[in-house]
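To start, the structure under review is shown below, and the notes come after it.
FYI, the numbering just counts along the sequence from 1.
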Amino acid sequence: QVQLVESGGGLVQAGGSLRLSCAASGDIFSMNAMGWYRQAPGKQRESVAVITSGGSTNYADSVKGRFTISRDNAKNTVYLQMNSLKPEDTAVYYCNARGRSRLVGGFDSWGQGTQVTVSS
């Protein structure tokens with residue numbers, strides 16, 4: 001239906017930056033929202049940043065001022081620019097996309113997850 005391909009994860013020192021990318025492809029009639037979620041070991045998955053089709057954004061309090069979510073509508077791609085990274089940002093980051101397909105109906109798709117590790 002709708003597939004997500006992520007890139008940009010890796011290992012970075014505290015204070016550094018990473019840029020995550022997630023490209024959606026497949027049967028997309030309309031995209032309602034795309035976002036990034038993360039799950040650290042022993043913790044619940046949390047929403048990091050979400051951007052709607054209208055451009056509205058929501059950020060977790062822990063990343064406000066440091067992370068920026070953006071999109072390229074022509075490419076159905078969402079980005080997460082992560083600056084001033086902290087060790088507590090270490091987690092598996094998942095891309096999510098929600099919308100309507102042309103043939104089947106609504107979709108709620110997830111990427112495979114990409115590891116972000118921030119060393120002190």
Side-chain angles (χ1 to χ4, degrees):
Q1 189 178 27
V2 176
Q3 299 79 42
L4 305 180
V5 179
E6 303 171 350
S7 62
L11 175 64
V12 66
Q13 292 184 337
S17 299
L18 284 174
R19 180 177 169 88
L20 305 183
S21 299
C22 173
S25 62
D27 183 15
I28 302 172
F29 176 74
S30 63
M31 188 77 77
N32 291 342
M34 299 186 75
W36 293 94
Y37 299 74
R38 69 185 181 188
Q39 187 166 21
K43 296 184 178 180
Q44 296 177 320
R45 183 176 298 188
E46 65 173 342
S47 175
V48 177
V50 175
I51 185 166
T52 69
S53 60
S56 299
T57 58
N58 283 320
Y59 294 94
D61 289 341
S62 59
V63 307
K64 287 181 179 177
R66 300 188 298 119
F67 291 9
T68 302
I69 188 169
S70 61
R71 63 180 182 177
D72 185 334
N73 290 335
K75 298 180 179 179
N76 279 322
T77 299
V78 65
Y79 306 93
L80 186 67
Q81 179 66 47
M82 303 184 293
N83 299 326
S84 301
L85 283 162
K86 305 175 181 179
E88 50 262 45
D89 294 319
T90 296
V92 177
Y93 284 70
Y94 298 90
C95 179
N96 173 257
R98 287 171 284 172
R100 298 282 295 179
S101 64
R102 296 181 185 273
L103 272 56
V104 179
F107 66 85
D108 185 349
S109 298
W110 291 87
Q112 77 285 353
T114 183
Q115 178 70 48
V116 172
T117 302
V118 184
S119 63
S120 59

Mind checking the [atom1]-[atom2] spacing from [X] to [Y]? Nearest 0.5 Å is all I need.
| X | Y | atom1 | atom2 | answer |
| --- | --- | --- | --- | --- |
| Leu80 | Met34 | CG | CE | 12.0 Å |
| Leu4 | Ser109 | CG | OG | 5.5 Å |
| Met31 | Ser53 | CE | OG | 10.0 Å |
| Ser47 | Tyr59 | OG | OH | 11.0 Å |
| Thr68 | Met82 | OG1 | CE | 11.0 Å |
| Thr57 | Lys64 | OG1 | NZ | 9.5 Å |

Judged by atom type as modelled, is there a donor-acceptor pair below 3.5 Å linking the side chain of [X] to the main-chain atoms of [Y]?
| X | Y | answer |
| --- | --- | --- |
| Thr114 | Glu6 | no |
| Ser30 | Gly99 | no |
| Asn96 | Tyr37 | no |

Quiz item: Do Leu85 and Gln13 pass the side chain to side chain contact (heavy atoms under 4.5 Å, CB included) test, and can you show the C-alpha distance, the side-chain angles, and the key distance before you say yes or no?
Solution: CA-CA 8 Å; Leu85 283 162; Gln13 292 184 337; over 6 Å; no

Self-check item: Asn83 CG: over 12 foreign heavy atoms closer than 6.0 Å
Solution: yes

Hey, quick one: are [X] and [Y] part of the same hydrophobic cluster, counting side-chain heavy atoms closer than 4.5 Å, chains of contacts allowed?
| X | Y | answer |
| --- | --- | --- |
| Tyr79 | Trp36 | no |
| Val92 | Val63 | no |
| Ile69 | Phe67 | yes |

Check [X] against [Y] and note the closest heavy-atom contact, atom names and distance.
| X | Y | value |
| --- | --- | --- |
| Ala14 | Ser120 | CB-CA, 4.3 Å |
| Gly106 | Gln1 | O-NE2, 3.6 Å |
| Gly55 | Arg71 | N-NH2, 3.4 Å |
| Ala33 | Val50 | CB-CG1, 4.2 Å |
| Ser70 | Val78 | O-CG2, 3.2 Å |

Exercise. Over 60° means perpendicular and under 30° means parallel, so classify the ring planes of Tyr94 and Trp110, tilted if in between.
Key: perpendicular

Exercise. Could you list all the salt bridge (Lys or Arg N to Asp or Glu O under 4.0 Å) pairs where at least one residue sits in residues 95-116, not counting sequence neighbours?
Key: none

Practice problem: Sorted by first residue and then second, give each salt bridge (Lys or Arg N to Asp or Glu O under 4.0 Å) pair with at least one member in residues 72-97; sequence neighbours left out. | Solution: Arg38-Asp89, Arg66-Asp89

Quiz item: Hey, are the side chains of Val5 and Ser25 touching, using non-hydrogen atoms and a 4.5 Å cut-off?
Solution: no

Exercise. Could you walk me through whether Val116 and Leu20 pass side chain to side chain contact (heavy atoms under 4.5 Å, CB included), step by step?
Key: CA-CA 9 Å; Val116 172; Leu20 305 183; 4.2 Å; yes

